[in-house]
Amino acid sequence: MKIILLGAPGAGKGTQAAKLKEYYNIPHISTGDAFRSNISQGTEIGLYAKSFMDKGLLVPDEVVIKIVESRLKEADCKDGFLLDGFPRTIPQAEALDALIPVDCVVNIDADHEKIVKRLTGRRSCKCGEVYHISTYSAANCAKCGGELYTRDDDKEETIRKRLSAFVEQTAPLVEYYGKQGKVVNVNGNQSPDSVFAEVVNKLQS
Ligand code: AMP
């Protein structure tokens with residue numbers, strides 16, 4: 001199964017990706033995670049991407065497309081993959097279509113004011129685990145013990161800019177993939193388990 005997870009920042013793409021990856025046994029490819037890993041390793045791509053990410057802007061298409069193209073050519077992607085946070089623009093979607101067309105696009109639709117609350121309270125760990133201060137107040141990750149941090153782009157002002165980038169550049173993808181008959185809409189204003197149940201149910205039918 002070749003799946004794209006589409007949705008605004010904070011709609012729950014990462015949370016659902018972790019569940020779907022296990023369920024379908026396919027690799028999870030997150031361009032945001034790829035950039036954060038480059039940033040922590042201090043690579044040139046990381047430094048370049050950070051200058052856009054910290055402002056709530058999208059990283060230019062050619063950089064993102066190159067990263068995804070080389071990742072999708074790896075052997076573990078042969079039978080399927082889960083793209084989280086890519087494509088985010090029409091040119092990215094066109095580049096992906098030219099390389100490997102996907103089977104379906106899961107569009108997680110969540111209320112933007114709820115998203116602002118979710119993201120300002122989000123605490124992340126380097127291992128990929130994510131918590132919310134309202135339900136987890138410890139300073140360290142329950143899974144690996146790593147120190148939790150607030151992502152630089154999870155500040156309210158930056159979140160609002162990321163949401164505007166989503167509306168302007170990414171939301172048109174719903175229509176783009178709708179024309180291909182590939183969009184599965186799910187309600188992202190529910191608990192992660194309910195969203196997951198809805199996704200699996202709709203993907204199976
Ligand atoms: P995410 O973790 O998916 O929210 O991504 C964090 C940030 O990385 C985004 O706000 C963008 O600045 C950048 N980014 C991730 N994926 C893409 C993409 N497909 N196109 C452009 N920028 C991206």
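Atoms within each ligand, like the ligands themselves, are counted from 1 in listed order. Along the sequence shown, residues carry numbers from 1. As the structure is a computational prediction, the values presented were derived from the model and not from experiment. Below, all heavy atoms of this structure are taken into account, side chains as well, without hydrogens, waters or symmetry copies.
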- Task: Would you please write out the protein residues whose heavy atoms approach any atom of ligand 1 to under 4.0 angstrom, listed by chain and number?
- Result: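 For ligand 1, the contacting residues are T31, G32, F35, R36, M53, L57, L58, V59, V64, G85, F86, R88, Q92, R151, D153, R162.
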- In terms of side-chain heavy atoms, does R123 have a donor or acceptor partner in T150 at a distance below 3.5 Å?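 Judged by distance alone, the side chains do pair up.
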- Query: Is there a donor in the side chain of Q41 and an acceptor in the side chain of S37, or the other way round, less than 3.5 Å apart?
  - Reply: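 There is such a pair (donor and acceptor under 3.5 Å, judged by atom type) between the side chains of Q41 and S37.
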- Under the side-chain contact (heavy atoms from CB on, under 4.5 Å) test, residues paired with D109 that sit two or more places apart: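 If we apply the side-chain contact (heavy atoms from CB on, under 4.5 Å) test to D109, skipping adjacent residues, there are no hits.
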- All side chain to side chain donor-acceptor pair (under 3.5 Å) counterparts of T43, not counting sequence neighbours: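 Counting only residues at least two positions away or on another chain, T43 forms a side chain to side chain donor-acceptor pair (under 3.5 Å) with N38.
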- Query: Is Y136 isolated, or which residues cluster with it under the ILVMFWY side-chain rule of less than 4.5 Å, directly or via members?
  - Reply: Y131, L148
- Pair K182-D103, side chain to side chain contact (heavy atoms under 4.5 Å, CB included): steps then yes or no: CA-CA 7 Å; K182 291 180 177 169; D103 301 309; over 6 Å; no
